[in-house]
Protein chains: 4
Amino acid sequence: MGDDRQLKRVRLGVELSSHTPQPEMVVAGAARTCYSAKELALSADELTPQLASKIITRVVQRGHLSVLEHASFTFAVEGLSRAASHQLVRHRIASFSQQSQRYVEFTALEYVLPPTIEERTELAEDFARFIGSAQKLYRRLREAGVPREDARFVLPNASATKLIFTMNARELLHVFTLRLCSRAQWEIRELAHRMLELCYQVAPTIFSLAGPGCRRGPCPEGDMSCGKPWVPFWEE
Amino acid sequence: MGDDRQLKRVRLGVELSSHTPQPEMVVAGAARTCYSAKELALSADELTPQLASKIITRVVQRGHLSVLEHASFTFAVEGLSRAASHQLVRHRIASFSQQSQRYVEFTALEYVLPPTIEERTELAEDFARFIGSAQKLYRRLREAGVPREDARFVLPNASATKLIFTMNARELLHVFTLRLCSRAQWEIRELAHRMLELCYQVAPTIFSLAGPGCRRGPCPEGDMSCGKPWVPFWEE
Amino acid sequence: MGDDRQLKRVRLGVELSSHTPQPEMVVAGAARTCYSAKELALSADELTPQLASKIITRVVQRGHLSVLEHASFTFAVEGLSRAASHQLVRHRIASFSQQSQRYVEFTALEYVLPPTIEERTELAEDFARFIGSAQKLYRRLREAGVPREDARFVLPNASATKLIFTMNARELLHVFTLRLCSRAQWEIRELAHRMLELCYQVAPTIFSLAGPGCRRGPCPEGDMSCGKPWVPFWEE
Amino acid sequence: MGDDRQLKRVRLGVELSSHTPQPEMVVAGAARTCYSAKELALSADELTPQLASKIITRVVQRGHLSVLEHASFTFAVEGLSRAASHQLVRHRIASFSQQSQRYVEFTALEYVLPPTIEERTELAEDFARFIGSAQKLYRRLREAGVPREDARFVLPNASATKLIFTMNARELLHVFTLRLCSRAQWEIRELAHRMLELCYQVAPTIFSLAGPGCRRGPCPEGDMSCGKPWVPFWEE
């Protein structure tokens with residue numbers, strides 16, 4: 001009853017809330033600066049999207065990835081577990097603004113339910129009951145005067161968080177290499193997949209290069225390989 | 001009973017497990033390179049500890065902090081809550097190796113107990129009981145075949161973690177500025193204090209500069225100031 | 001004669017070629033995420049520019065600068081000496097694409113003339129003659145089959161370069177702190193000033209905070225202070 | 001005559017002036033933290049060099065390179081051209097202290113002579129004469145009251161510089177991948193080679209992994225490949 005109001009199972013939400021306008025034109029313009037003696041084509045009349053695409057493919061094939069750093073992408077994410085966010089924030093070439101458990105009061109605990117638990121009803125019920133007891137204890141501690149930063153000690157990894165983060169295209173390709181692999185945690189893999197869908201729409205040449213190591217050569221996981229090379233959604 | 005074996009309240013442990021040998025000589029030698037036309041004093045006969053100390057004080061006062069980056073410090077920490085480690089790993093100019101909840105089985109849950117809960121017996125008992133229920137559910141999920149990466153969703157922020165991390169002296173001064181402030185979370189403040197004690201022993205000139213903003217000017221927290229300027233332990 | 005075609009004194013050109021659209025809305029949105037329990041206002045109907053401005057001022061005053069990292073700015077610069085670019089690329093939280101002296105042939109040497117030399121005719125003439133001799137030797141080496149990467153050894157620091165670089169607003173404020181100071185090299189100071197003019201137009205709240213240390217307190221240069229506190233152009 | 005005193009052709013000097021003591025023990029200890037539930041082996045009785053070597057090989061093969069960041073190496077370099085140092089300082093995950101041309105007076109110009117010029121006597125003579133004219137003009141400008149930061153505009157890329165820099169083992173492997181390639185500039189390739197020799201002595205397991213891309217798979221330079229896979233000196 002009251003519990004229904006105070007517990008809420010949530011699902012991942014991902015938005016590309018901002019990005020460098022015309023990211024591929026910016027990247028290609030930067031690449032031309034490195035190798036050309038011509039004037040910086042600031043107005044860049046001759047730089048068409050087709051030419052930009054060609055330039056990007058060429059420099060990336062040569063491994064000159066630094067030009068990709070000029071294109072930035074900002075994501076707004078909600079419904080992500082603290083377990084997953086702890087992994088995400090370990091990427092250091094990125095900027096994160098995460099909902100604080102020290103400043104925000106958790107009157108209604110939102111949580112993420114892993115599929116391996118959801119599919120077994122009795123486990124899922126125990127799980128929900130446990131989340132409920134965490135919420136109850138949190139509230140009791142707060143009412144007893146315990147500060148938020150200490151009351152949160154009872155919040156589980158399943159607690160959902162919200163965050164806004166910015167990464168450049170080079171770091172995004174790196175993130176996709178690690179996190180689209182079938183051996184990555186299911187939740188961060190889903191996040192990576194959703195991010196890639198959004199990026200691919202605005203910069204298809206750059207992000208057509210995305211994917212785990214198996215897309216570019218033999219699986220780097222060796223004897224722990226899943227054996228099924230990753231296929232991008234645009235080739236499915 | 002069995003619970004006693006499987007639950008364990010732990011306390012913070014901090015060791016300085018490695019560091020650049022003679023850190024102040026290295027830093028002072030680097031500072032001399034920038035400003036002197038003399039040969040690089042690689043053998044550096046004339047560079048005494050006293051001279052090194054003088055050089056460091058001078059360059060730091062002028063705000064030339066980059067030379068401090070040549071001295072690295074590696075810490076081994078255990079008994080830190082996941083709540084605190086989540087804050088710590090947000091420092092990006094640092095290298096972290098943290099015990100993984102995906103790879104390590106938590107047969108005996110170690111947890112951190114905040115003082116504000118410890119001091120009220122009935123709250124502490126509820127807290128311990130809750131930790132016990134988390135441990136029990138974790139084990140039950142594991143026995144039902146749920147993978148570790150999903151079972152860990154029930155582990156609370158209070159769970160203790162272990163980590164090894166490396167920071168250079170410049171970043172350490174930055175960490176001390178933020179984390180020694182009385183408004184920082186109590187646990188990361190204690191960690192910072194213990195780290196400073198260890199650093200001060202091996203590089204007293206560099207780390208005599210450590211402390212929150214109030215040591216160098218007016219409190220930057222404005223109307224949220226604690227009103228009590230921080231005093232370093234060596235001046236107490 | 002022929003020399004006129006092959007030597008060219010150039011002046012600094014700075015363009016803001018791209019930036020995060022509505023940078024202050026993005027930054028303020030990120031700040032709200034950290035401190036609010038409310039849904040992420042992705043569509044953000046209630047976030048007006050006025051409210052954004054208020055939020056930014058508040059978080060920056062508290063020293064929470066990380067939210068500024070979500071706004072990126074890409075500059076195209078030409079007519080900058082290699083002496084100045086060597087300083088500029090030392091900023092590590094930034095992305096640079098610089099015209100390569102290994103890949104680009106310098107058929108017409110562009111150079112930067114320092115005012116302290118320009119103002120004394122006989123020095124300026126010697127300087128131009130020297131640049132001419134560098135160009136001549138460069139061409140002679142090239143004709144003798146010396147590769148570009150070695151022929152460039154004769155190119156002087158005065159040689160003009162072109163580059164495109166991207167920095168986020170937090171790093172830009174740091175750059176402005178260092179490079180707007182009257183003790184910075186004149187050329188990088190002019191570059192910083194031009195960059196600030198461009199940034200101020202698109203994000204006036206964020207960049208109204210820019211300036212050397214003397215804008216926020218006593219001059220950090222101590223006994224090397226110029227004695228004249230910096231005044232932003234919008235207050236002149 | 002006087003010229004002999006004031007011009008000096010120099011050669012590359014590289015020293016490993018400091019490093020994390022027992023770097024492979026530190027790295028292996030960090031790796032054990034990530035994957036083991038055991039107590040942090042701070043005293044680490046059981047960790048032998050042989051075991052450390054095995055652990056490092058295993059984690060690196062799996063691509064878990066972050067543990068390598070706990071080992072830092074500080075180099076002192078002299079006799080490097082400004083052309084090469086400009087490339088070197090572009091590595092951003094590193095700390096540099098470089099001799100300043102703004103603070104240091106260049107009474108005797110030290111310069112680097114590329115082999116492709118040295119081998120042709122008449123070119124080498126023209127080159128030396130040009131360096132002499134740069135030195136002469138530098139001195140004339142200084143005597144006329146031009147500040148050092150402007151007089152240096154006549155100093156050529158061939159001018160030798162001194163610097164001290166620190167990188168961790170992960171970044172070093174990245175530097176070696178790029179700079180040991182036969183397509184890298186000869187001087188930075190020589191520097192990388194000398195650095196590797198020094199690193200290999202103190203951490204042979206870690207640095208046995210060093211080398212350009214051709215050591216680990218097909219040449220990434222494509223149709224610009226030199227066709228001769230790199231062979232490490234310890235296998236020659």
Side-chain angles (χ1 to χ4, degrees), chain A residues 81-98 100-102 111-120 122-124 126-127 129-131 133-134 136-138 140-141 143-159 161 183-188, chain B residues 81-98 100-102 111-120 122-124 126-127 129-131 133-134 136-138 140-141 143-159 161 183-188:
Chain A
S81 77
R82 279 254 154 189
S85 80
H86 205 326
Q87 291 175 71
L88 183 65
V89 301
R90 293 294 296 276
H91 291 285
R92 286 165 293 184
I93 306 180
S95 301
F96 298 97
S97 297
Q98 185 169 8
S100 167
Q101 291 184 332
R102 290 185 74 205
Y111 70 97
V112 174
L113 178 61
T116 59
I117 296 175
E118 182 176 23
E119 65 194 16
R120 305 260 306 266
E122 75 288 3
L123 294 182
D126 283 1
F127 189 86
R129 208 170 298 125
F130 173 76
I131 301 290
S133 72
K136 211 179 283 177
L137 181 52
Y138 177 86
R140 174 156 145 62
L141 292 169
E143 285 162 9
V146 171
R148 274 192 295 266
E149 72 172 25
D150 289 341
R152 76 171 155 161
F153 271 60
V154 304
L155 299 179
N157 281 333
S159 309
T161 187
R183 286 179 41 76
Q185 186 234 4
W186 63 271
E187 199 183 0
I188 207 165
Chain B
S81 77
R82 279 255 154 188
S85 80
H86 205 327
Q87 292 176 70
L88 183 65
V89 301
R90 294 293 298 276
H91 292 285
R92 286 165 293 185
I93 305 179
S95 301
F96 298 96
S97 297
Q98 184 170 7
S100 166
Q101 292 184 333
R102 290 185 74 206
Y111 69 96
V112 174
L113 179 61
T116 57
I117 296 175
E118 183 176 22
E119 68 196 13
R120 303 260 306 265
E122 76 289 3
L123 294 183
D126 284 2
F127 189 84
R129 207 170 298 125
F130 173 76
I131 300 290
S133 72
K136 211 179 283 177
L137 181 52
Y138 177 86
R140 176 157 144 60
L141 292 169
E143 285 162 8
V146 171
R148 275 192 295 268
E149 73 172 25
D150 289 343
R152 77 173 154 159
F153 271 61
V154 303
L155 298 180
N157 281 334
S159 309
T161 189
R183 285 180 40 76
Q185 186 234 3
W186 62 271
E187 200 184 357
I188 207 164

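Proteins get letters first, then strands, A, B, ... in listed order; numbering begins at 1 in each.
- Top candidate by heavy-atom pairs under 4.5 Å with chain A, chosen from S81(B), P115(B), S100(B), A151(B), is S81(B).
- If you measure heavy-atom distances from S85(B) to chain A, the contacts under 4.5 Å come from both the backbone and the side chain.
- At a 4.5 Å heavy-atom cutoff, the contact between E122(B) and chain A is made by backbone and side-chain atoms alike.
- Ranked by heavy-atom pairs shorter than 4.5 Å toward chain B, the options V146(A), L155(A), L113(A) are led by L155(A).
- Between chain A and the options R120(B), H91(B), E187(B), the largest number of non-hydrogen pairs under 4.5 Å is found for R120(B).
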Residue pair Q185(A), R152(B): steps toward the side chain to side chain contact (heavy atoms under 4.5 Å, CB included) verdict: CA-CA 12 Å; Q185(A) 186 234 4; R152(B) 77 173 154 159; 3.6 Å; yes
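- Residue contact with chain A, scored on non-hydrogen atoms closer than 4.5 Å, involves the backbone of A94(B) exclusively.
- The part of R102(A) that comes within reach of chain B is its side chain, from C-beta onward, which places non-hydrogen atoms under 4.5 angstrom from that chain.
- Neither the backbone nor the side chain of Y111(B) comes within contact range of chain A; no heavy atoms are under 4.5 Å apart.
- Taking 4.5 Å as the limit, every side-chain heavy atom of F130(A) sits out of range of all side-chain heavy atoms of D126(A).
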Side chain to side chain contact (heavy atoms under 4.5 Å, CB included) between L141(A) and D150(A), worked out: CA-CA 9 Å; L141(A) 292 169; D150(A) 289 341; over 6 Å; no
Side chain to side chain contact (heavy atoms under 4.5 Å, CB included) between V89(B) and H86(A), intermediate numbers included: CA-CA 9 Å; V89(B) 301; H86(A) 205 326; 3.8 Å; yes
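- Proximity of a side-chain donor or acceptor of R90(B) to a complementary backbone N or O of Q87(B) within less than 3.5 Å is not detected.
- Taking OH of Y138(A) as the start and CZ of R148(A) as the end, the distance is 6.5 Å to the nearest 0.5 Å.
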